[in-house]
Amino acid sequence: GISHVLTLVLQELSLLCKRDVNGVGMLYDLLRSRWLQALLKIYECLQDYLEKRPVPVTLQARALTHEVVELLREAPQSGESKELRRLLRAPHLKAALLSAHDTVAQKDFEPTLPPLPDNIPENEEAMRIVGLVKNNQPLGATIKRHEITGDITVARVIHGGLADRSGLLYAGDKLVEVNGVPVEGLEPEQVINIL
C-alpha cells in the first residue's frame, strides 16, 4: 500500500540527502515525520474498511425466515425440517436475533459530516480535536503563554511521554480547550491543574 511506497521514496531520498541536493533533507524529514506516518496508516485502514466492509445479505431477515417456515410446512416432513421449523419459529430467534439483525442492516453507519460553510476565508487556521487518556501517567508535554498572542501553547513534547507516543501534540500547538474548559485568559498554571 501507501506505506510501502513511502518506504521506497524514503530510501531514494536518503541517498539524495547524502549528496546534499537542495530541499531533499526537508522533504526527507517531512516524509519521515510521525504525524504523516500516522495519517497514512489511518488512510490505509479506511481504504481497507471501504474495500472489505461487511454488507448484509438481506435487509429483511425476519420476512425471509417467515417464507422459509411456510416452505418447510409444505415440504415433506423429516426430522431435520421439523427441527429447523421449530428453531425458526422460536420467539428468541424471531423477536430478538432477527429483529436486531434487520435493525442493524437497515441503518447507515457511515459518518455524516456537516457541510463546510461557503464563506471560509483562505487564511483560516485548521483546528484538531485531540483526545488523550492519561490514567496515572504524566502528559509528557510542557505548556507556556505565547509572548505575542497570549495564547496557551505546547512548549515542548517530551520524548517517550504520552503526548509523544500518541503523535497528536506538537510543540507550538495552540490549546483552545482542555477537558471541555476554554483556556483563553487562563494562566499556564491554571491549565496544568485542569490537565
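These numbers come from a predicted model, not from an experiment.
Nearest approach of E70 to R73, heavy atoms of both residues: OE2-NH2, 2.8 Å. For A171 against A155, the heavy-atom pair with the smallest separation is CB-O, 3.7 Å.
Using modelled atom types, one side-chain atom of R165 and one backbone atom of G160 make a donor-acceptor pair closer than 3.5 Å. A donor-acceptor distance shorter than 3.5 angstrom exists from the side chain of S166 to the backbone of A163, with no hydrogens or angles considered. Within the 3.5 Å criterion, the main-chain N or O of Q190 finds no donor-acceptor partner in the side chain of N193.
Side-chain polar atoms of D151 and T153 form no donor-acceptor pair below 3.5 angstrom.
Considering only heavy atoms from C-beta on, I143 comes within 4.5 Å of L175 through its side chain. Side-chain atoms of P188 and I152, non-hydrogen and from C-beta on, do get closer than 4.5 Å to each other.
To the nearest 0.5 Å, atoms CG (L162) and CG (L169) are separated by 8.5 Å. If you take CG on D164 and CD1 on I158, they are separated by 9.5 Å, rounding to the nearest 0.5 Å. Put simply, CG on N179 and CG on L132 are 10.0 Å apart, with the number rounded to the nearest 0.5 Å. I192 CD1 to L139 CG: the interatomic distance, rounded to the nearest 0.5 Å, is 10.0 Å.
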### Message
As a quick check of understanding, evaluate salt bridge (charged side-chain N to carboxylate O under 4.0 Å, His left out) for E83 and R86, giving each step before the final call.
### Response
CA-CA 5 Å; E83 177 70 13; R86 184 183 66 75; 2.9 Å; yes

### Task
Give the intermediate values and the outcome of side-chain contact (heavy atoms from CB on, under 4.5 Å) for residues L84 and L72.
CA-CA 8 Å; L84 180 58; L72 287 172; 3.8 Å; yes

### Message
Go through it in stages, so that I can follow the logic: the residues are I194 and L186, the test is side-chain contact (heavy atoms from CB on, under 4.5 Å), and I'd like the CA-CA distance, side-chain angles, deciding distance and then a yes or no.
### Response
CA-CA 11 Å; I194 298 170; L186 297 180; 3.8 Å; yes

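The hydrophobic cluster containing V178 also contains V181, counting ILVMFWY residues as joined when their side-chain heavy atoms lie under 4.5 angstrom apart, directly or transitively. There is no path of hydrophobic side-chain contacts, each under 4.5 Å, that joins L40 to I42. V154 and V130 end up in the same hydrophobic cluster when Ile, Leu, Val, Met, Phe, Trp and Tyr side chains are linked at under 4.5 Å.
Heavy-atom contacts from other residues, nucleotides or ligands closer than 6.0 Å to CD of E184 number 12 or fewer. Heavy-atom neighbours of E80 CD from other residues, nucleotides or ligands within 6.0 Å: at or below the threshold of 12.
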